[in-house]
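First the proteins, then the strands, lettered A, B, ... as listed; each starts at 1.
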Number of protein chains: 2
Amino acid sequence: MIEFMTQNVNRPRIDFRLISGILGGLLFFLGVAMLLPLLIALIYQESSWSAFLITAGGTMLIGGTLFYIFRPKDELRMREAFMIVALIWFLGSIFGAFPFTLSGSLESYTDAVFESMSGLTTTGATIFGGITASGIQNPDIESLDKSILFWRSLSHWLGGMGIIVLTLALLPLLGIGGMQLYQAEYSGNTADKITPRIQETAMLLWTIYVGLTAGEFILLWLHPSMDWFEAINHAFATLATGGFSTKNASIAAFDSVYIDIVITVFMFLAGINFALHYRLFTGDSKSFFQNREFRFYVLLTILFMAAITVGLLITQDYSIGKALQYGSFQVVSILTTTGFGTDDYMLWMPFTSFLLFLLFFTGGCAGSTGGGIKMMRLMIIMKNIGREFRQIIHPQAVLPIRIGERVVESKILKTILGFFVMYFIVFAAGAIIMTLMGFDMMSAMGASIASLGNIGPAWGEFGPVDNYAKVPILGKWVLLMLMMIGRLELFTVLVLFTPWYWKN
Amino acid sequence: MIEFMTQNVNRPRIDFRLISGILGGLLFFLGVAMLLPLLIALIYQESSWSAFLITAGGTMLIGGTLFYIFRPKDELRMREAFMIVALIWFLGSIFGAFPFTLSGSLESYTDAVFESMSGLTTTGATIFGGITASGIQNPDIESLDKSILFWRSLSHWLGGMGIIVLTLALLPLLGIGGMQLYQAEYSGNTADKITPRIQETAMLLWTIYVGLTAGEFILLWLHPSMDWFEAINHAFATLATGGFSTKNASIAAFDSVYIDIVITVFMFLAGINFALHYRLFTGDSKSFFQNREFRFYVLLTILFMAAITVGLLITQDYSIGKALQYGSFQVVSILTTTGFGTDDYMLWMPFTSFLLFLLFFTGGCAGSTGGGIKMMRLMIIMKNIGREFRQIIHPQAVLPIRIGERVVESKILKTILGFFVMYFIVFAAGAIIMTLMGFDMMSAMGASIASLGNIGPAWGEFGPVDNYAKVPILGKWVLLMLMMIGRLELFTVLVLFTPWYWKN
Ligand SMILES: [K+]
Ligand SMILES: [K+]
């Protein structure tokens with residue numbers, strides 16, 4: 001664990017000027033990114049060009065002004081980092097919502113923030129295509145402007161970029177949820193300054209991210225059912241493990257074995273630690289294939305694929321090919337928290353649907369764009385069970401948990417177990433609030449875990465062919481906050497609400 | 001942690017002769033206990049007297065013979081203790097099942113073992129009153145002989161006696177699930193020999209157990225709706241947090257505010273650590289009321305009572321009195337894992353029923369007759385969340401968890417967190433098997449947690465007005481094993497299936 005360095009001893013404990021300056025810079029970047037959907041709107045001569053022009057201009061202006069006024073140059077400290085991380089996703093969603101309302105695609109600003117947060121957190125839960133609690137019919141996805149569709153996918157992709165850097169460069173330094181495990185490996189010497197290190201790591205990882213996106217884009221574009229626009233949108237949504245589609249029926253709309261396979265493979269790749277991808281890219285295939293978390297991820301994927309394929313074969317009257325195609329797609333989609341769909345698992349029999357429900361509590365590898373509890377934590381939690389059995393038989397022995405050669409410190413183990421417990425507490429709290437709004441237990445639990453785990457489609461009234469329009473306004477704010485809390489590994493956000501954050 | 005002493009260096013590592021001898025002694029005691037229902041059968045001139053005579057005679061003969069042949073006199077060691085604990089509940093159920101089949105009350109021996117295990121583990125799930133998967137109509141509860149009803153309640157009460165001693169005298173020495181916390185407090189000097197210590201502790205705690213049972217018996221008997229027989233049966237089932245009733249409709253059959261209040265209070269008392277009851281009995285009320293686990297238990301009970309009462313008022317159209325009466329009863333019944341019912345919570349609205357569903361994952365205090373995860377563990381798990389938040393802000397600090405003045409060692413904390421994770425793994429495994437048998441997700445999850453947590457009534461097809469007759473034979477064996485695994489704090493049983501138990 002590093003102590004963040006202070007260059008100016010006269011700075012306040014939490015320097016809001018520094019925070020505002022950095023947030024301003026990040027907002028400016030978001031405004032610049034909005035020029036892309038503006039370009040799409042101009043190319044396709046869509047009326048929503050003005051919505052993007054106004055929002056991009058406003059966001060750049062506000063962001064740029066904040067950055068100019070406060071010109072951040074002091075070194076970032078821990079408490080400031082927490083606040084910036086929590087606020088940038090929140091502010092990003094607040095600004096990112098305007099294109100939806102200004103273009104007239106959505107009447108309700110709450111719905112717009114929901115869609116925007118769902119995009120930036122790579123959740124992929126949508127309110128398009130349904131009727132809201134106050135009776136507004138939201139337009140369906142296929143009736144939206146291309147620029148709006150592009151903004152949804154781009155928000156996923158930007159959120160994915162952000163999360164890779166956050167989890168691999170910043171969270172290890174902040175000691176969140178056991179991410180310290182990745183500290184030495186990927187963040188360089190801890191005596192270095194934080195900012196240049198983040199920038200350097202970010203550039204390397206983003207190269208991989210852009211490369212994989214380009215690869216999927218080309219493979220999808222090659223297929224006659226996908227034009228370049230659909231290919232780029234789905235590539236964005238896949239690499240971010242986002243799940244927004246340009247089709248009402250998600251990937252099922254293309255009804256293509258080729259497309260299903262390409263997307264299954266790239267969802268799986270998006271669920272792998274990007275630092276590990278970088279290793280493979282630099283020729284270090286040994287590190288890649290011997291990585292314990294990667295192996296655990298492969299094992300779990302194969303196990304669930306096999307069980308669900310066999311389950312579908314027996315109970316659903318599918319052919320072997322169809323059971324494998326649909327089983328694999330849905331398993332990888334939920335395991336990686338992408339949330340694309342090719343089959344309505346609400347119609348599956350209890351055994352297969354329950355196995356899929358269990359996958360809602362997993363998530364991709366740490367350092368991937370996937371959300372949820374994540375492979376690294378589940379693996380360590382499972383190893384701890386084995387340790388516990390040995391400990392009972394050898395009460396006096398000191399039995400560390402190892403990942404390969406490396407010993408997991410007792411402190412990190414406790415942090416990971418604490419994360420696991422906290423995850424279930426937040427999940428239960430979210431579900432309680434949803435039952436208060438009258439949703440049945442499975443729908444309520446589904447909506448809570450699908451938001452917290454950044455999955456998107458859920459259960460019951462929020463199944464893969466349904467949407468979140470019907471949730472009352474307060475419920476939408478709860479779910480979008482769950483998305484943010486889950487995306488930022490719980491503690492990063494929640495620590496701001498504890499007295500210890502504010503005390504010295 | 002103690003090292004169990006060996007008096008005979010020539011003994012094998014796991015001395016099966018010693019194990020057989022002790023099991024024989026315990027079985028002999030079970031056979032003696034069966035003389036009580038035999039007496040009831042003779043008093044009421046029921047034909048089932050012969051079933052009890054044969055079973056009591058056979059059990060005493062086999063148990064006595066084993067005890068006589070192997071005459072256990074060596075000191076018990078850890079591995080032997082694990083095997084005895086796991087086997088005695090299993091053998092007890094195997095022998096305890098015979099009165100059900102020999103009397104003709106049940107055709108299926110599997111059903112008889114299910115009922116017997118459900119009794120001895122204080123679960124209270126029943127297969128009476130339903131039709132089995134092979135089409136047998138099991139008789140309903142009210143049509144059973146009084147001696148059979150008495151044997152069901154008595155099996156609860158004996159199981160409760162066993163569990164109090166197990167959790168307060170033996171498990172702390174075996175280091176299971178964080179029970180080490182109770183080691184110094186209630187088990188005397190760890191250098192003492194194990195057998196006399198267990199006997200002494202047992203006698204003190206059983207005095208309280210018998211006293212509370214007698215108290216409830218008298219209070220129930222005072223009510224005109226209860227004769228002495230019903231009063232004794234319900235007192236047995238309450239103090240054991242068992243839940244078998246002599247009525248098809250459980251406590252709802254009596255439709256009495258007085259009876260509901262008496263049983264609510266005694267379920268609550270049965271959920272308290274019996275070592276704490278002993279302190280209160282010896283005049284140490286300060287220890288009692290300042291005990292952290294007790295306070296946490298009171299707090300959780302009040303919170304859920306209030307929330308569910310308000311929920312029932314708003315959503316169920318109940319009067320305030322009825323909402324409080326039914327809400328409190330169901331909350332205490334599920335929280336303590338008793339499983340008595342006065343209202344069908346399957347008919348409640350999502351908010352109230354989901355809150356009750358969450359209580360399926362709690363359980364009474366450690367050292368009570370209640371099952372489940374238990375208050376002590378939940379309290380420490382919650383405290384660990386607070387510690388985690390402080391740790392994030394103060395990464396270098398050493399922050400122990402305290403219960404009152406006492407520091408919870410890091411090792412014990414890990415054990416408790418490991419227990420929590422293992423509990424969810426076993427729960428999920430049980431639910432998967434139930435979905436394989438075609439039960440829907442809520443029914444499958446309900447049956448698994450209601451068995452593992454020794455609660456009894458569950459969800460969906462296994463709601464409080466339903467029963468377990470319909471489960472296929474294999475499923476019944478899975479559920480009854482879940483009851484045993486849960487009752488014995490998971491690791492005590494499961495460690496027998498690890499290689500570490502069998503290796504040196
Ligand atoms: K997603
Ligand atoms: K029970």
Exercise. Sort A/Met442 into side chain, backbone, both or neither according to what part of it lies under 4.5 angstrom from a heavy atom of chain B.
Key: side chain
Quiz item: Which atoms of A/Leu358 come close to chain B, meaning under 4.5 Å heavy atom to heavy atom: side chain ones, backbone ones, both, or neither?
Solution: side chain
Exercise. Tell me, out of A/Thr498, A/Ile433, A/Ile385, A/Asn384, who's got the most heavy-atom pairs with chain B below 4.5 Å.
Key: A/Ile385
Quiz item: Between B/Met437 and chain A, which part of the residue has a heavy atom less than 4.5 Å away: side chain, backbone, both or neither?
Solution: neither
Quiz item: Side chain, backbone, both or neither: which part of B/Phe439 has an atom under 4.5 Å from a heavy atom of chain A?
Solution: backbone
Quiz item: Between B/Leu355 and chain A, which part of the residue has a heavy atom less than 4.5 Å away: side chain, backbone, both or neither?
Solution: side chain
Practice problem: Please flag which part of B/Leu494 lies under 4.5 Å from any non-hydrogen atom of chain A: side chain, backbone, both or neither. | Solution: both
Exercise. Tell me, for A/Met382 versus chain B, whether the close heavy atoms (under 4.5 Å) come from the side chain, the backbone, both or neither.
Key: side chain
Exercise. Enter the distance from A/Phe420:CZ to B/Leu417:CG here, rounded to the nearest 0.5 Å.
Key: 10.0 Å
Quiz prompt | Which atoms of B/Met445 approach chain A - backbone, side chain, both or neither, heavy atom under 4.5 Å | solution = side chain
Practice problem: Answer with side chain, backbone, both or neither: which region of A/Ser353 has an atom nearer than 4.5 Å to a non-hydrogen atom of chain B? | Solution: both
Quiz item: Side chains of B/Thr415 and A/Glu388: donor-acceptor distance under 3.5 Å anywhere?
Solution: yes
Practice problem: Starting at NZ of B/Lys503, measure out to CZ of A/Arg390 and round the result to the nearest 0.5 Å. | Solution: 9.5 Å
Practice problem: Against chain B, label A/Ala444 side chain, backbone, both or neither, depending on which of its atoms sit under 4.5 Å from a heavy atom there. | Solution: neither
Quiz item: At a heavy-atom separation under 4.5 Å, does B/Lys411 approach chain A through its side chain, its backbone, both, or neither?
Solution: side chain
Quiz item: Do you know which of B/Pro499, B/Gly386, B/Gly438, B/Gly311 has the most heavy-atom pairs with chain A at a distance under 4.5 angstrom?
Solution: B/Gly386
Self-check item: Non-hydrogen side-chain atoms of B/Gln391 and A/Phe491 separated by less than 4.5 Å
Solution: no
Exercise. Report yes if the side chains of B/Phe351 and A/Met434 come closer than 4.5 Å at any heavy-atom pair, otherwise no.
Key: no
Quiz item: Looking at B/Phe424 versus A/Phe424, is the centre-to-centre ring distance below 6.0 Å?
Solution: yes
Exercise. Taking all non-hydrogen atoms of both residues into account, name the closest pair between A/Pro350 and B/Met441 and its distance.
Key: O-CG, 4.5 Å
Quiz item: Checking B/Ile432 against chain A: side chain, backbone, both or neither under 4.5 Å from a heavy atom?
Solution: both
Quiz item: Is it the backbone or the side chain of B/Ser443 that comes under 4.5 Å from a heavy atom of chain A, or both, or neither?
Solution: neither
Practice problem: Go through B/Phe82 and A/Ile392 one step at a time and tell me if the side chain to side chain contact (heavy atoms under 4.5 Å, CB included) criterion holds. | Solution: CA-CA 10 Å; B/Phe82 282 124; A/Ile392 288 167; 3.2 Å; yes
Self-check item: Closest contact, heavy atoms only, A/Ile393 versus B/Trp500
Solution: CG2-O, 3.5 Å
Quiz item: Who pairs with B/Phe354 by ring-ring contact (aromatic ring centres under 6.0 Å, His included), at least two apart in sequence or on another chain?
Solution: none
Quiz item: Hey, what do you get for CE (A/Met349) to CG (B/Asp440), rounding to the nearest 0.5 Å?
Solution: 11.0 Å
Quiz item: Using non-hydrogen atoms only, which part of B/Leu413 is less than 4.5 Å away from chain A: side chain, backbone, both, or neither?
Solution: side chain
Quiz item: ring-ring contact (aromatic ring centres under 6.0 Å, His included) with B/Phe360: which residues, sequence neighbours excluded?
Solution: B/Trp459
Quiz prompt | Contacting moiety of A/Ile176, where chain B heavy atoms sit under 4.5 Å | solution = side chain
